[in-house]
K.L.:
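Quick one: the structure is below, questions incoming.
First listed ligand is number 1; within each ligand, the first listed atom is number 1. Hydrogens, waters and symmetry mates are skipped; everything else that's a heavy atom, side chains included, is used. Since we're looking at a predicted model, the values are computed, not measured. We count residues from 1, following the sequence as given.
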Amino acid sequence: MAKLIGDGRRLLPLVSTPHKGGRSALTCQFRCGNACAHDVANTAGNAYFGDVVKEALSRRGMLRAGALGALVAGVGVAGAAPALAADPESAATTSGRPSGGSGDLRFTPVAPNKEDALRVPDGYSSSVVVRWGDPVLPGAPDFDFDNQSADAQNKQFGYNCDFVTLFPMGRDRGLLWVNHEYTDESLMFRGYAGGAAATEEQIKIALAAHGGSVVEIERAGGAGEWKLVTKGRRRYNRRITAQTPMKFSGPAAGSDLFKTAADPKGLTPVGMLNNCAGGTTPWGTVLTAEENFDQYFVNADKVPAAQKPYATRYTLTNGTPSSSRRFDRVEERFDLAKHPNEANRFGWIVEIDPFDPDSTPIKRTALGRFKHEAATTTLSRDGRLVAYMGDDARFEYVYKFVSKNRYIPGFDRHNRALLDEGTLYVAKFTGDSPAAEIDGSGKLPSDGLFDGAGEWIPLVSGDKSFVDGMTAQEVLVYTRVAADKAGATKMDRPEDVERNPVTGAVYVALTNNSNRTAAQVDEANPRPSNKHGHVLEIVEKRNDAAEKTFGWSLPLVCGDPNDAATYFAGFDKTKVSPISCPDNLAFDRDGNLWISTDGNALGTNDGLFVMPVRGKERGYLRQFLTVPIGAETCGPLITQDQRSVFVAVQHPGEIDGASPENPVSRWPDGDQPRPSVAVAWHAKGAKIGA
Ligand code: FEO
Ligand code: CA
Ligand code: CA
């Protein structure tokens, strides 16, 4: 909606940019700075692998084992240890062996809908755990939509919640960590007039509403509900914002590429931005992923000539729309004409210790810089720490980091250095079917699967670069450029990556890619104009996360099951739920894959789905939950006792034309929409989904 300002000038609509798929233009504007409206950043000449020589046949045996779910449960997956360590109530529940998994799921799926409500299956309940604006720190005022201030927001729960994880403190208490990915000022403030016309207080509120929160929560009742602790001492509660002092560690710390007027040593970045998904470490810290950081900077076209190609590769040069947040108006560092290195200080995996409110968050440079989505840790067979990561943009790559040293349970000082020393790899996927059989229709090739082999290409290890013409520090700061040169495979927007705690297989959500052309399809990204996305399964050689080769297949090609170009691992498509735009992934301890969606291009609300990935119900995908209109589903987290499912309901009501005067959603309280973390449980405390 165009807005009138005082002199009668009609400002351009805040959200006028064309957008594709099921996401509202508001979401495109505020989340990613209209990334889809701009040219694809990756113009590297490396091949779509439909062009690549097929080399997979020798690896088919391994691949089939994964594709058919034939891997034995409990096959020594070290990665189960980190998953359990980060889950609540592990002490109370680790005695039980994983059950049959798929056969246990018996709920009636939630039907697709466009309601302004969080819907769960019959027999289940849900409630809101914590909302945007809820008091987090001592002295925080109660939320007052019409009397917001930066001082209050610095002490209150931030805006759009994304990654959610829970650290147990005994059976009935826990620390909830939540990312606050981005702000939508047009829904946060009445009459918001856009960047240049925003008040300085609004800009400061937005800076404070980014980042993350640590909040103490406690069980309510015996069935699976959790609530925010609102009374008594909450010693761990913490807000991290775009202004929190941080530090760099790892091989690029102190790099010339980080040095600014405010930090001449290149060691102390300030704040984190656009934290999307994340992960946890076996030693009980959070890894949070800075994603679309580019949109917060202005004047990228004025950086020194030598930096311009890199600024372009990271889409910093997309320009400064009149509606941008204009953080530079209150903090000059966001003006790249004056501080060209400031943008290099964002786009990292940030480690935060939720149990030490005074700790300084650490940007771990060994994990590279890109539009980070997840950082899922696991252990290799010999005990090294492995982190899987996606770069969420069209035609970007899948990465993993393998530590040099081994994880030693209980040796905290040693373990906390693991993420500073190791090798960063990027994935190359090769198909095993003739290119002519990957015809873009979504029809399976004659061997019955979209599948093949892959390799992890090393980019950098400590101060050793494996990329011609780039130093190790350059590889870490300009990782996308290094991966281009290494010949990585261009994927359909790699989002979350998760490892199955039962089988050890690794799953990558590839959310969509409306820009892939028919000439660009390959077996790992087999549909042009891929509106609905797919899920890719990786089985590492020897099921070892540190290996350099793997097999892969696509168990799920999303969309309306009536569409011939969809695939649900061969399961009867008359029984599955429609799904579009897979984003965040999670596993329950039985090894069922939970998938949340963002931007449902089938026209109904986003939701949370569950799909067995082994046994005869592999591919039997069912919708467990839907979120209110305009929202995406984030999190998700299934507790270790499988009695509670946490989801972040991000940007409820973010629909074109919505405003505080004309809200499309009034969730959760019948007033202005408030991004919130919710929990769902079976009313009688039964296992989720059973
Ligand atoms: Fe913030 Fe890639 O989703
Ligand atoms: Ca094939
Ligand atoms: Ca995401």
K.L.:
For the pair Glu290 and Arg345, find out whether any cationic side-chain nitrogen is under 4.0 Å from an anionic carboxylate oxygen.
P.N.:
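Result for this pair is no, no salt bridge flagged.
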K.L.:
Do you know which two heavy atoms are closest between Asn512 and Cys581, and how far apart they sit?
P.N.:
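Of all heavy-atom pairs spanning Asn512 and Cys581, the closest is ND2-SG, 3.5 Å.
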K.L.:
Which is the closest N/O/S atom of Asp583 when seen from the Ca ion (ligand 3)?
P.N.:
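Nearest N/O/S atom of Asp583: OD1.
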K.L.:
Any chance you could lay out the side-chain contact (heavy atoms from CB on, under 4.5 Å) test for Tyr314 and Thr312, step after step, and finish with the verdict?
P.N.:
CA-CA 5 Å; Tyr314 282 83; Thr312 302; over 6 Å; no
K.L.:
If only side-chain N and O atoms count, and only distance matters, is there a donor-acceptor pair under 3.5 Å linking Asn179 with Asn275?
P.N.:
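No pair is found: no donor N or O on one side chain lies under 3.5 Å from an acceptor on the other.
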K.L.:
Can a salt bridge be assigned to the pair Asp522 and Arg516 using a cut-off of 4.0 Å between side-chain N and carboxylate O?
P.N.:
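Yes, charged N to carboxylate O under 4.0 Å.
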K.L.:
N/O/S of Leu444 less than 3.0 Å from the Ca ion (ligand 2)?
P.N.:
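So Leu444 does not count as coordinating the Ca ion (ligand 2).
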K.L.:
If you compare all heavy atoms of Cys276 against all heavy atoms of Glu373, which two are closest, and at what distance to 0.1 Å?
P.N.:
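In this case the closest contact between Cys276 and Glu373 is SG-OE2, 3.2 Å.
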K.L.:
Can the ring centres of Phe450 and Tyr567 be said to be less than 6.0 Å apart?
P.N.:
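No, they do not, as the ring centres are separated by 6.0 Å or more.
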K.L.:
Report the atom name of the nearest N/O/S atom of Glu495 relative to the Ca ion (ligand 3).
P.N.:
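This turns out to be OE1.
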K.L.:
Rounding to 10°, state the angle centred on the Ca ion (ligand 2) that links OD1 in Asp451 with OE2 in Glu523.
P.N.:
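That angle works out to 100° after rounding to 10°.
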K.L.:
Could you tell me which N, O or S atom of Glu373 is nearest to the Ca ion (ligand 3)?
P.N.:
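Among the N, O or S atoms of Glu373, the one closest to the Ca ion (ligand 3) is OE2.
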K.L.:
Using the rule given for side-chain contact (heavy atoms from CB on, under 4.5 Å), can you reason through Asn605 versus Asn600, listing the C-alpha separation, both sets of side-chain angles and the distance that settles it, and then say yes or no?
P.N.:
CA-CA 7 Å; Asn605 289 354; Asn600 187 348; over 6 Å; no
K.L.:
Whether Arg618 engages the ring of Phe571 as a cation-pi pair (distance to the six-membered ring centre under 6.0 angstrom, angle to the ring normal within 45°) should be assessed.
P.N.:
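Cation-pi check for Arg618 and Phe571: fails.
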K.L.:
Everything protein-side that's N, O or S and under 2.8 Å from atom 1 (Fe) of ligand 1: list it, residue and atom.
P.N.:
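Near atom 1 (Fe) of ligand 1, the protein supplies Glu181 OE2, Cys276 SG, Glu291 OE1.
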K.L.:
At a threshold of 3.0 Å, where the distance has to be below it, does the Ca ion (ligand 2) have an N, O or S atom of Ser433 nearby?
P.N.:
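An N, O or S atom of Ser433 is closer than 3.0 Å to the Ca ion (ligand 2), so yes.
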